[in-house]
Each structure stands twice: as C-alpha cells, then as structure tokens.
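Okay, structure first, notes after.
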Amino acid sequence: MNGDYRDLFDALELKWQAHWNQERAWAAPERPEGPKFYCLEMLPYPSGRLHMGHVRNYAIGDAVARFQWMRGRTVLHPMGWDSFGLPAENAAIKHGTPPAVWTNQNIANMASQLRRLGFSYDWSREIAAHRPEYYRWNQWFFLRMLERDLAYRSRRSVNWCESCQTVLANEQVEQGRCWRCESLVGRRELEQWFLRITRYAEELDAELDRLTGWPERVRLMQRNWIGRSEGAVAGFPMQGAAAHPAAAALEIYTTRLDTIHGATFCVVAPSHPILDRLPPEDPGRARVEAFRRRMAQKDVTRAGAEPEEKEGVDTGLRVRNPYSGETLPVFAANFVLMEYGTGAIMAVPAHDERDFEFARKYGLPVRTVVVRRGQAASASAPPAAMTEDGVLVESGRYSGMDSAAGRREMLRDGERQGFCRSTVQYRLLDWGISRQRYWGTPIPVIHCERCGVVPVPDRDLPVLLPENLALTGEGSALQRVAAFVEVTCPRCQGPGRRETDTMDTFFDSSWYFYRYCDPGNDRAPFDASKVAAWFPIDLYVGGITHATMHLIYCRFFAKVLRDLGLVASGEPVGTLLCQGMVLKGGTAMSKSKGNTVDPDEMVRRYGADTTRLFTLFAAPPEKDLEWNEQGVEGCFRFLEKVWRLFAPRGEVLASASLPGPDEGADQPRRAGLRRKVHQTIDRITIDIDKRLHLNTPVAALMELLNTLQDFVREPAHGDDPCLKEAGRTLALLLQPFAPHISEELWSLLGGAGSVRRQPWPVADARWLREDEVEVVVQVNGRVRGRVRVPSSALEAEVLAQARADERVAAHLEGRILRKTIYLPGKLLNLVVQ
RNA sequence: GCGAAAGUGGCGGAACUGGCAGACGCGCCGGACUUAGGAUCCGGUGGGGCAACCCAUGAGGGUUCGAAUCCCUCCUUUCGCACCA
C-alpha cells in the first residue's frame, strides 16, 4: 500500500471536515426553502463504539442526503441517540459508573467517530432520549394517552425476561427469546401499563396497502403481526342450568362457522372466567383447579419456542350447539389462548388440525361435515383433518351449500335469532410499556390510597429521573429512592406513592423524528407547522429487525398524534429502505463471534471515503454485505487512480475552459469521452433517484475512470476542455460516495466553492445519442453477427447489411425467411425455416 | 407446519419494462518496468473445441421469433410467524 496516498487522503479528509464544520454546511433552515427532502437513518443506541452495520446504514443515508442537496432540495438530515435502556444500567452495575456518565461518554465518543466519517448531519438538531428536555415529552404524550384511555393499567400474564429482570412487549419476544439478551422468556402475572394499540389495529392493517414505498417484506411481516381475521362469535347456551343462571351462554370465536355441525366439544383457556363459576363441590372444579396449577407452574419456565403437547381436562360443563341443538362437553386446555378471540372455541376435529390432535388424544368423536366437491362423505373416521373449504354435508338445512355460502347463511340465521354475530379479530395485542428498570422515562403517575391512579399535572413535568443512586440489579432501584417515591397526591394532597416503572425505550423512539423538526422547543413536543413543513420522511433507512417493533409502534404513534391534532398524517414514512447486515465469514459481525471489523481501524488504514465507498459498492443496500478486505483495497486503489490521474494535470486543467455544446463531436476519441461522461451522469442519476441502487453508481464511476485512463494514455492536450469536463463531472458524481476527495478534486480543477452546493450535473441528450449504433443480428434467436448502422437506419437497411454479413449469410443459406423482428438500433432477429 | 424472498463464473455482484448473460470489483494467469515487488502499468480470464460451433443463470417441463427475467412442478438456502381457532 502506498503510504503517501494514505497520508494525503487523511489530511484532505480532515481539511474538508473542518471546512464543513466551519461553514455549518449541513444545517437545515428552520423550514425548507423550496422542495424539501427529509432523509433519516434510525438513531443508534449509544453502546460506546460504532460497528460496521452503523457505518453502512449511515453511508447509505448520507449518499442520498448529499445527492438531494445537489438536486436542489433543502435536506433535513439529523442524528440523535436512543440513549435510555438496559446496557447503561448493566454497565453501571458492573463497573459502578452511573448510567448518565457512561451514556454521555459513549455519545461523545460515537459522535466523534461519526464526524470523522464525514457524515452530513445537522448536529444542531441532535437529540438524546435520556435528557429531561426530551423525555418530558414522553411523559406529556403518556398523559394525553391516559386522558383518552389509550394508556391503561391492567393485571395480566406478561412476558418476563429473567436475565433483564423486566417485562417485555410481545413484539420484543423473538422465538420465545428476549430480543436484546436472547435468554428464554417466561410469563408472569403482573399489573402493568399498556398502550391501546389495538384501537388502531384496523387502520394499521388497512393502510399497509398504501405504503407503496415500503418493502413488500416489511408490509407482509406487519400484516401477519397484526393478524386480521374475519369470523363469527357464537353463543353456546349453558346446560344443566340450575348451576349457572348468570352465564347464559359460552361465547366462542370461529372463522369456520360452516363447520359448526361438526363440533363435538368446546374448549376454553385455562384462565377462562367461566371456570370460576363452577361450584366448589363440583368434581369438574377440582379437575380444573389441578390443571390450572399444573399450567401455572409450566408458564414460568415455559420455553416458548416449540408448541407444547396438548393437554386438557373435562370441566363438567355442558353447552348446547345453537345450530344443531346437540349438547357438547366443555374442556379446558392449554392450546386455547385467553388473549385471542373470546378465549373459547368450538372444536371441530374433522376440520381443524389442533382439534383433531386433541380429539384423538382424548378419544373424542370426529364428525365430517365438509367434503371436497364431487366427493361423497366417507363413513369411516378420517385419518387427518380436512381443513379446506368444500361442500357441506350432515349440516341440516345447510347441507349441499359450499363453505362460503354456508358461512353466510348460518351467520344470517344466527344473527336473526340473536346467538351469533360477525366480528373481526386481531392477533395484535396491546403494547405493554412498563419496565421494572431504572434507566428509562419515569411514568408520570402517582398512586394515591384515596384517589387511585392520579396523573402528574403537566406543570410538574418533567418527572425527573433521580441520579446518583446505587444500582445493584436487584429489584427496582427507583423503589428504594424515598425522595422519588414518597410524594403528595396532586389531587387530595394526601400521601401518595410515585409510579416506579419506567417506559419501554421504544416509546422514546416512536416519535423522535418529529422532534428533529423543532428540537429546542420547551413549550411543546414540537411546533405542528414545522413538522408539517418537513414531513413525511422522504427516506428512512434502517435494519429489518425493527419491522414489527419500532416500525409498527411509530405508525401507531403517528395515528395518535394525528388524532391529537399535532400532525397531519398517520403515516410518517414515505420510502423505507431496510439495509442488509454486514457479515464476515458468512455470519453477522458480533463481538461474541470475534469477527468484527472496527470502523476506526478502517478509517485509519484507508480513510473515510474508502470505507464508505466499499460499504456502498460491495452489495445492493437491501442485501447482506460480506466484508472483504481485498475489496476495500480495490476501492482505495480506485480513489488513488482518480487522484493520480488528475493531480499532475490539475494546474493546467484549472485554467482550461469547459467545452462548448458540440466540442469534440467530430473527433471520435474526444466524442467517446464526452459520451461516456454524459451516459455516466444519466445512469447514476436514475440509479440513485429512481431505484435507490448505490452499488451500480460506484461501478459506473469506475467505468468512467477506466475510460479516462484510456483517454490520457494517448497524447492529448493538457488543457483539453473535454478532459476538464470529465474531471469536473467526476468530482460532482463522487460527492455522494466519496465526498472528501470529491471536494478536493473539484477545487483542484479550479471549481469555485464547495461541491456540496453545486447543482447535480444533467446529462446532455445530444451526448446520450449515438450517431452510429451496433445492431445485434440473430438468426432464430441466436447471435450470428452484428452490424454498425447510422442510428436513424430503417429496418430494410439493417436487414440488407445483415444479409451481407458472412456469418449471417451462412445461417440463412438455403432457408426461407419467415419473419423478422427489429428493435430499432438494438437487435434484428431473422426467423428462418 | 404456515407465509415470504432468493438461487447467475473461483468470490462479491451486473443485466431498468422478456432482446448481446457475466458490467464493475476481488482473485487468478501471463507480460512490462525493476536488485526486488505483496507497488504501478499492459493483456487475458464461464466450460468444451484448432476452428466453425456447441454447452451454460439450482433441476425438469412449458409459453415465445427470443427466457436469468413470464408460467407450472421439484430441490436448496435465508428470513418471518409459530397452537391466533
């Protein structure tokens, strides 16, 4: 490696970074002037050091931001810190450093890494979630939600991470494991704060169709996560009735009302309230209690990942099928979830795999009521559940209908008679936001013996998180801070206790991008008109890991904020780009695997431009990128070659003039160079703007350089305007990818000011057109020759010339020409027989 | 199990709506300059064949003048969900 260039690049990168700083080059005005572009990358957790995944993420965003500046947009490109969360607390427990100190150090460190990489952030808008001037607005939003019954407290079974000693939301459990520490998640019954995201389930689902700028993959994941399903709730009247006058009917949820005549029993979740109504002396009661105890024990240690063996007990309760009049036993079983539907189902073993499995285990009857069209009902027991739609049999007056008609008719009859109604269910559950940890936003409520839950008045915000307390990791640290906990009730002035749960940090990141529009506001979370001026986010870049976490929470917030009248749209993100991971040796870089590459090390050895260039070049943005040091060197060599070509010519070219519109048109070599220049502009512009491809533009830049190298190999005038045009264009086109050398090259070639505000070059249509084109000649679809013709040539002329081609003629010999297909200027296919 | 995406040289990857498969980079081979080169520059590089030509985009079939691209079946890999009634 050539040390001279390394030092040169290092110096020029520092020089231009200082220049940008001094010019406040990336500060966005309060409101956009003219067309705007809000370019955002997901804000990082300040773990201490950047990793390559960050660099890739930000290099992508930065390329687009710089491109859009040059395209004449006012760009908002901010950066901040998702700075509440467990690692700070764990570090404090381990090393005794207070979380605030640890966090601030990490922020300082990572910010300087980002600066050294030369990213174009408007640092004047920097935010950090752990600062009171930020999290007071978390509290403010929470209070608004509380007022609207969007935040509520409830005791229920929740996900519990033993290692993190806290509750997790459903979205934060991945395959039964904690999203952050990967330990197995158990369940606990706790009183918790929830956000009523389910109120927006319908809208969150429906609007996915309109998010055309989002990857299909993400929309699908969200759709599955929300899990909309249309079905019916049917009431099965309780039998043996003396016992239960209060519970008139057991309500079950089904999507297959058409199979109801095949129901041979019902099943309720172990915690279903109907079971509490069993009289103490009932033998079913004893069975249920024993079963509940067994399940409760399991819940705590539950592995979660693989479905458990189905288990259940006969509760002794009996219900009547409202359609057939048949009496059915009610079981309690572990495969029915209280959280979904009504917590009770009708079991149709012939047409549902789970019911079938359970029926087989406990020797319960299986009755076929749907057959495939054209098939007769078989008398023998089916070997497996037939879950498809078909034609109804053994279904009373519905027999003979197809499944869809059966559902429709049964629903109508059931509705008329009052025991059935159609309904829509969602898999999505309310978002549990309570965390039993210290380093987060205090939930702003006070528990008063007399008044119950009392919100902290707005004038008392922020509820400050106390600092300087000893963290042990045992229990909730805040509960031990008397000065924090012991307060007077704002309503009755009696003694109260402050809530000690803190907020899930996903609350912090659900609205941060609005705050960037007005980061200093101390009267409101933001000024609505400023947000209106910048929103929606034009490009949001981040990892796919957030598909069903952050990216669903922030959509929910947008809808809440819209309903609060603070923002106009319930969808904050226009185009979403989920970049792939950075791998080494085929797996994601991680400290535990020891396959990390340190960004600082890369910057020291190759510079920021090379590091960025490689992360953009090595793979398309949305795909995983395999780190390859030799590939990095290739990018370094490319920049070296750029410099080596222009450095000795700089002085002469600086004073050369730029070419006139037609200059060089009559000289093939110079015309070739100009064509390449304009074709490169055209390609790169389309690739960034229309396709968000950043690897192919880098390839195009390399091609342009190859052409330039060929051009200067032959003697040329040192001050050739065509060469100057090529160099200047290269400087402009490099700005999104290797911004420092781009600036240096621009100034070397006598460009005034900084590249960053030069208009993005526009390809001259004249130079995109070729006067003479090469047409591929195929015979029966196989390439047999090529002819050069004027680009205006007509098919007949091309054909004549093609026939004259020796090879083509050989393939036409003795055959009859049946048909010709001509794509002007590109291809001529001769179909012969 | 259900759902989705993707399979192209030795490797990362190009090929926008069906139209020259392999751009660009890495690696490799050869050469030049050199005391030397792991620097730089030049040339070559999917496979077979002296060549014409043939074969080749996971496998097999289909549609088409023409398929990496569209359709069907299968295989593999990756990801998401995982008892959601």
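For the numbers below, each heavy atom of this structure counts, side chains included, while hydrogens, waters and symmetry mates do not. Order of the sequence lines fixes the chain letters, A, B, ..., with proteins taken first and strands second; residue numbering starts at 1 for each chain.
- Mapping Glu703(A) and His693(A) onto RNA chain B via the closest heavy atom, the residue that lands nearer the 5' end is His693(A).
- Proximity of Arg427(A) to the phosphate of A82(B): a side-chain N or O atom is located under 4.0 Å from OP1 or OP2.
- Residue-level contact check: Glu357(A) touches neither bases nor backbone, having no heavy atom under 4.0 Å from any strand.
- Checking C53(B), C16(B), C41(B) against the side-chain heavy atoms of Arg691(A) singles out C16(B) as nearest.
- The side chain of Asn706(A) approaches G25(B) more closely than any other nucleotide in the set C53(B), G25(B), A85(B).
- Annotated as syn: G9(B), whose O4'-C1'-N torsion sits within 90° of 0.
- At a cut-off of 3.5 angstrom, counting only N and O atoms as typed in the model, there is a donor on one side and an acceptor on the other between the side-chain of Lys310(A) and the base of C83(B).
- Glu795(A) and Thr820(A) share a side-chain donor-acceptor pair at under 3.5 Å.
- The listed nucleotides are G13(B), C26(B), C16(B); the one nearest the side chain of Pro620(A) is G13(B).
- Between Glu626(A) atom CD and G25(B) atom C1' the separation is 15 Å, expressed in whole Å.
- When each of C26(B), G25(B), C83(B) is scored by its nearest atom to the side-chain atoms of Met702(A), the top-ranked nucleotide is G25(B).
- A sub-4.0 Å separation between OP1 or OP2 of C65(B) and a side-chain N or O of Lys819(A) is present.
- Phosphate contact (OP1/OP2 of A85(B), side-chain N/O of Ser229(A), threshold under 4.0 Å): present.
- For the P atoms, the distance linking G47(B) with A23(B) amounts to 13 Å, nearest Å.
- On a pure distance criterion of 3.5 Å, no polar donor-acceptor pair joins the side chain of Arg217(A) and the base of C79(B).
- With a cut-off of 3.5 Å on both pairing distances, G9(B) has no Watson-Crick or G-U wobble partner at all.
- One C1' atom belongs to G3(B), the other to C70(B), and the distance between them is 23 Å to the nearest Å.
- The side chain of Asn829(A) contributes no N or O atom lying less than 4.0 Å from OP1 or OP2 of G19(B).
- Using a 4.0 Å heavy-atom criterion, one finds that Gln630(A) contacts the sugar-phosphate atoms exclusively.
- Arg187(A) and Ser157(A) share a side-chain donor-acceptor pair at under 3.5 Å.
- Residue Leu220(A) is in sugar-phosphate contact alone, with no base atom involved, counting any heavy-atom pair closer than 4.0 Å across all strands shown.
- Among the protein residues, Arg637(A) comes within range of the sugar-phosphate backbone only, with heavy atoms under 4.0 Å from sugar or phosphate atoms but none that close to a base.
- In terms of phosphate contacts, Arg784(A) brings a side-chain nitrogen or oxygen within less than 4.0 Å of OP1 or OP2 of C54(B).
- Between Arg782(A) and C55(B), a side-chain N or O to OP1/OP2 separation shorter than 4.0 Å is present.
- Remark: the separation of the C1' atoms in G46(B) and U57(B) is 11 Å, to the nearest Å.
- The nucleotide A67(B) finds no pairing partner, because no Watson-Crick or G-U wobble arrangement with both distances shorter than 3.5 Å includes it.
- Rounding to whole angstrom units, CG of residue Leu616(A) and C1' of C24(B) are separated by 14 Å.
- When each of A4(B), C24(B), C20(B) is scored by its nearest atom to the side-chain atoms of Val776(A), the top-ranked nucleotide is C20(B).
- In this structure, a donor-acceptor pair under 3.5 Å is absent between the side chains of Arg788(A) and Gln801(A).
- Trp431(A) and Glu171(A) share no donor-acceptor pair across their side chains, judged by distance under 3.5 Å alone.
- Taking for each of Met221(A) and Lys623(A) the nucleotide of RNA chain B with the nearest heavy atom, the 5'-most of the two is the partner of Lys623(A).
- Between Trp179(A) and Phe506(A), the ring planes lie tilted relative to each other; the angle falls in the 30° to 60° range.
- Counting any heavy atom pair closer than 4.0 Å across all strands shown, Gly634(A) reaches sugar-phosphate atoms only and no base atom.
- Going from the P atom of C24(B) to that of C75(B) covers 39 Å, rounded to whole Å.
- Considering only side-chain atoms of Phe617(A), the nucleotide from C24(B), G3(B), C83(B) that sits closest is C24(B).
- Among the nucleotides G13(B), C16(B), C41(B), the one closest to the side chain of Asn695(A) is G13(B).
- Looking at heavy-atom distances under 4.0 Å, His351(A) makes no contact with the nucleic acid at all.
- Nearest to the side chain of Leu337(A), among A85(B), C81(B), U40(B), sits A85(B).
- Here Val336(A) lies in heavy-atom contact (under 4.0 Å) with a base.
- Nucleic acid contact for Asp355(A): none, since no nucleic acid atom lies under 4.0 Å from a heavy atom of the residue.
- When the C1' atom is used for both G22(B) and G13(B), the distance is 10 Å, rounded to whole Å.
- The CD1-P distance, from Ile260(A) to A85(B), rounds to 16 Å in whole Å.
- Under a 4.0 Å N-O distance rule, the pair Glu339(A)/Arg156(A) does not qualify as a salt bridge.
- Only the P atoms considered, C54(B) is 15 Å distant from G66(B), to the nearest whole Å.
- Straight-line distance between the P atoms of U77(B) and C83(B): roughly 24 Å, to the nearest whole Å.
- If you measure from atom NZ of Lys690(A) to atom P of U17(B), you get 15 Å, rounded to the nearest angstrom.
- Tyr362(A) and Glu311(A) share no side-chain donor-acceptor pair at under 3.5 Å.
- Spacing between G60(B) and U69(B) at atom P, rounded to whole Å, works out to 13 Å.
- Within 6.0 Å of CD on Gln709(A) lie more than 12 heavy atoms contributed by other residues, nucleotides or ligands.
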